Amino acid sequence: MAGESQNWVLMVTAQTPTNIAVIKYWGKRDETLILPVNDSISVTLDPSHLCTTTTVAVSPSFQKDRMWLNGKEIALSGGRFQSCLRELRKRACDVEDKKKGIKISKEDWSKLHLHIASYNNFPTAAGLASSAAGLACLVYSIGKLMNVKEDESQLSAIARQGSGSACRSLFGGFVKWIMGKEEDGSDSLAVQLADEKHWDDLVIIIAVVSSRQKETSSTSGMRESVETSLLLQHRAKEIVPKRILQMEEAIRNRDFASFSRLTCTDSNQFHAVCLDTWPPIFYMNDTSHRIISIIEKWNRSEESPQVAYTFDAGPNAVLIARNRQTAALLLQRLLYYFPPTSGDLDSYIIGDKSITKDAGINGIQDVEALPPPPEIKDNIPSQKFKGDVNYFICTRPGRGPVLLSDESQALLNSENGLPK
Ligand SMILES: Nc1ncnc2c1ncn2[C@@H]1O[C@H](COP(=O)(O)OP(=O)(O)OP(=O)(O)O)[C@@H](O)[C@H]1O
Ligand SMILES: C[C@@](O)(CCOP(=O)(O)OP(=O)(O)O)CC(=O)O
């Protein structure tokens with residue numbers, strides 16, 4: 001290891017998106033390597049609205065590996081973090097920073113310690129897939145720091161060992177996680193089906209539904225489903241392989257009718273598997289069901305589907321509108337049924353606020369003046385559900401991980417490698 005003194009700090013900062021599955025991953029065939037029972041497909045969400053930023057630093061002065069998440073130190077002792085660190089160290093290569101006069105040889109990495117600081121620009125552990133963006137960012141940034149030569153797909157197989165869904169966050173656009181066949185998991189990795197520009201009409205609105213912390217984590221929920229649900233076995237063997245092919249075709253042809261049908265039925269089947277688990281698991285709540293029925297009613301009243309819905313292991317609805325015009329109509333419906341409890345629209349609709357303008361909403365008075373959606377039959381009085389949605393995030397399909405070269409965006413101090 002060459003360097004004038006032992007006080008140098010070398011660091012890298014990266015930003016990684018989160019993703020939402022449209023064909024769900026639910027069930028592992030290997031718990032430690034995190035190998036799934038079926039392929040899955042996701043849409044990467046625009047990191048301008050939902051992303052993780054991670055800085056990793058290395059210095060001979062660091063005494064041990066340390067990590068800070070959203071400003072608080074967390075333990076890195078968990079098996080999943082350790083698997084990722086071990087796999088990355090195995091693949092580390094020589095690194096030279098001529099400007100700083102630092103040279104790290106391949107062999108040095110096993111003796112050097114890391115400091116990692118990460119920040120999610122959205123709530124952590126709130127059903128918005130922070131673990132997917134977080135673990136993908138950890139692997140991507142350390143991979144860059146250690147000059148790991150593997151491509152994104154091979155890195156995805158490492159991120160997979162941090163959290164299954166994280167492997168799909170190594171790419172932008174539309175991503176498939178191939179389940180693979182090998183026992184060592186070497187062929188269980190993510191590939192990009194199409195980038196985010198391929199289908200840039202799509203607009204995504206997430207309804208963050210008020211709820212208590214979920215009772216069953218994805219990890220334990222899917223373990224229980226594998227052990228007890230016969231529907232899961234049937235789904236993995238018979239249903240998903242066909243759906244994957246149909247979904248790939250729908251994405252290739254930008255066929256919204258097919259994309260929407262597959263997305264909704266796959267989400268519904270995943271929640272049916274949860275219900276088929278013993279004891280049953282409930283992730284959706286009354287508000288989630290209400291949102292499904294609003295969308296179903298609207299889609300049925302039109303000639304072709306306007307919006308797709310999908311729900312992960314929690315009550316939040318992820319709604320995918322076929323284009324901006326539809327997204328504006330969707331937002332009007334959502335605000336009609338779920339008006340904010342306060343007049344503060346700015347914090348009620350976050351992300352791409354231009355959709356709010358397109359919907360003709362400039363203030364709370366416009367929300368109050370919204371007419372009932374035309375698909376409601378006149379004889380059924382329409383009810384409103386103020387307070388049942390915490391807030392909405394307007395976003396779209398987005399790009400994959402990037403390095404941030406501007407040092408001012410680093411989360412660690414370049415002098416001592418501690419959080420800024
Ligand atoms: N930026 C990050 N860097 C590293 N690890 C993270 C990061 N963000 C979250 N995690 C890990 O993910 C855990 C949260 O995962 P959890 O599955 O409970 O919630 P979620 O991913 O936000 O929600 P869900 O899985 O329901 O969509 C955290 O406790 C932490 O271990
Ligand atoms: C419902 C899901 O979001 C499940 C995600 O599960 P995780 O990736 O969080 O589980 P672990 O691999 O145990 O970390 C569906 C999906 O993202 O495909």
Side-chain angles (χ1 to χ4, degrees), residues 14-45 50-56 67-72 74-81 83-85 116-142 159-169 175-177 179 188 190 206 208-209 211 213-226 240 244 263 266-267 269-271 273-274 281 283-284 310-316 318 411:
Q15 194 182 63
T16 302
T18 180
N19 71 80
I20 177 73
V22 288
I23 301 291
K24 304 289 184 194
Y25 146 55
W26 194 251
K28 298 181 184 71
R29 61 181 201 277
D30 184 312
E31 288 270 342
T32 316
L33 288 171
I34 311 198
L35 301 177
V37 294
N38 57 257
D39 292 349
S40 55
I41 293 181
S42 60
V43 180
T44 299
L45 303 182
L50 296 164
C51 74
T52 294
T53 303
T54 300
T55 301
V56 284
M67 171 154 189
W68 293 265
L69 175 55
N70 299 324
K72 268 178 82 183
I74 61 163
L76 273 175
S77 51
R80 289 172 169 213
F81 283 128
S83 300
C84 293
L85 291 171
I116 307 163
S118 190
Y119 172 76
N120 300 324
N121 73 349
F122 60 98
T124 300
L128 292 170
S130 68
S131 53
L135 270 301
C137 208
L138 182 96
V139 169
Y140 184 80
S141 52
I142 298 177
R160 187 200 76 226
Q161 298 175 56
S163 177
S165 52
C167 75
R168 298 185 311 238
S169 274
V175 186
K176 173 168 148 183
W177 173 10
M179 63 180 284
S188 184
I206 305 171
V208 180
V209 171
S211 72
Q213 185 91 5
K214 69 181 168 197
E215 282 168 30
T216 315
S217 71
S218 302
T219 307
S220 60
M222 68 175 83
R223 186 183 308 128
E224 288 162 21
S225 294
V226 168
V240 177
I244 288 279
T263 299
D266 201 70
S267 170
Q269 187 174 73
F270 150 52
H271 290 277
V273 166
C274 292
I281 307 167
Y283 286 122
M284 291 196 280
T310 185
F311 296 78
D312 274 351
N316 300 336
V318 179
L411 303 175

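In listed order, ligands and their atoms are each counted from 1. Remember, predicted model here, so these are calculated numbers, not experimental data.
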Q: Would you mind listing which atoms of ligand 1 come within a distance below 4.0 Å of any non-hydrogen atom of L135?
A: 5 (N)
**Q.** Sequence-distant partners of T54, side chain to side chain donor-acceptor pair (under 3.5 Å), two or more places apart
**A.** S118
(Q) In this structure, does ligand 1 have an atom that sits under 4.0 Å from one of the heavy atoms of D312? (A) no
Q | S40: side chain to side chain donor-acceptor pair (under 3.5 Å) partners, not counting sequence neighbours | A | R168
(Q) Using the rule side-chain contact (heavy atoms from CB on, under 4.5 Å), only one of T44, I206, N120, N19 pairs with L50; which is it? (A) I206
Q. So, does S188 use its side chain to make a donor-acceptor pair with the main chain of M179 at under 3.5 Å?
A. yes
Q. N/O to N/O below 3.5 Å, does that happen between A129 and ligand 1?
A. yes
Q: Would you kindly specify which portion of S131 sits under 4.0 Å from ligand 1, judged on non-hydrogen atoms: side chain, backbone, both or neither?
A: both
Q) Where do V318 and N316 land on the side chain to side chain contact (heavy atoms under 4.5 Å, CB included) test, with the steps shown first? A) CA-CA 7 Å; V318 179; N316 300 336; 5.7 Å; no
Q.
Using heavy atoms and a 4.0 Å limit, tell me yes or no: is L138 in contact with ligand 1?
A. no
Q | N120 N/O under 3.5 Å from ligand 1 N/O | A | yes
Q | salt bridge (Lys or Arg N to Asp or Glu O under 4.0 Å) partners for K28, two or more places apart | A | none
(Q) Checking the side chain of T55 only, and the main-chain atoms of L411 only, is there a donor and an acceptor separated by less than 3.5 Å? (A) yes
**Q.** Residue selection (non-hydrogen contact nearest atom 22 (O) of ligand 1) among S118, S130, G127
**A.** S130
Q) So, does D266 use its side chain to make a donor-acceptor pair with the main chain of K24 at under 3.5 Å? A) yes
Q: Examine distances only and state if a side-chain atom of S141 and a backbone atom of V56 form a donor-acceptor pair shorter than 3.5 Å.
A: no
Q: With heavy atoms of M67 as the reference, note each atom of ligand 1 found under 4.0 Å away.
A: 3 (N), 4 (C)
Q. At a 4.0 angstrom heavy-atom cut-off, what protein residues surround ligand 2?
A. A21, K24, Y25, W26, K28, I34, R80, S163, G164, S165, R168, S218, T219, M222, F270, D312, A313
Q. With a 4.5 Å heavy-atom cut-off, do T16 and V139 have their side chains touching?
A. no
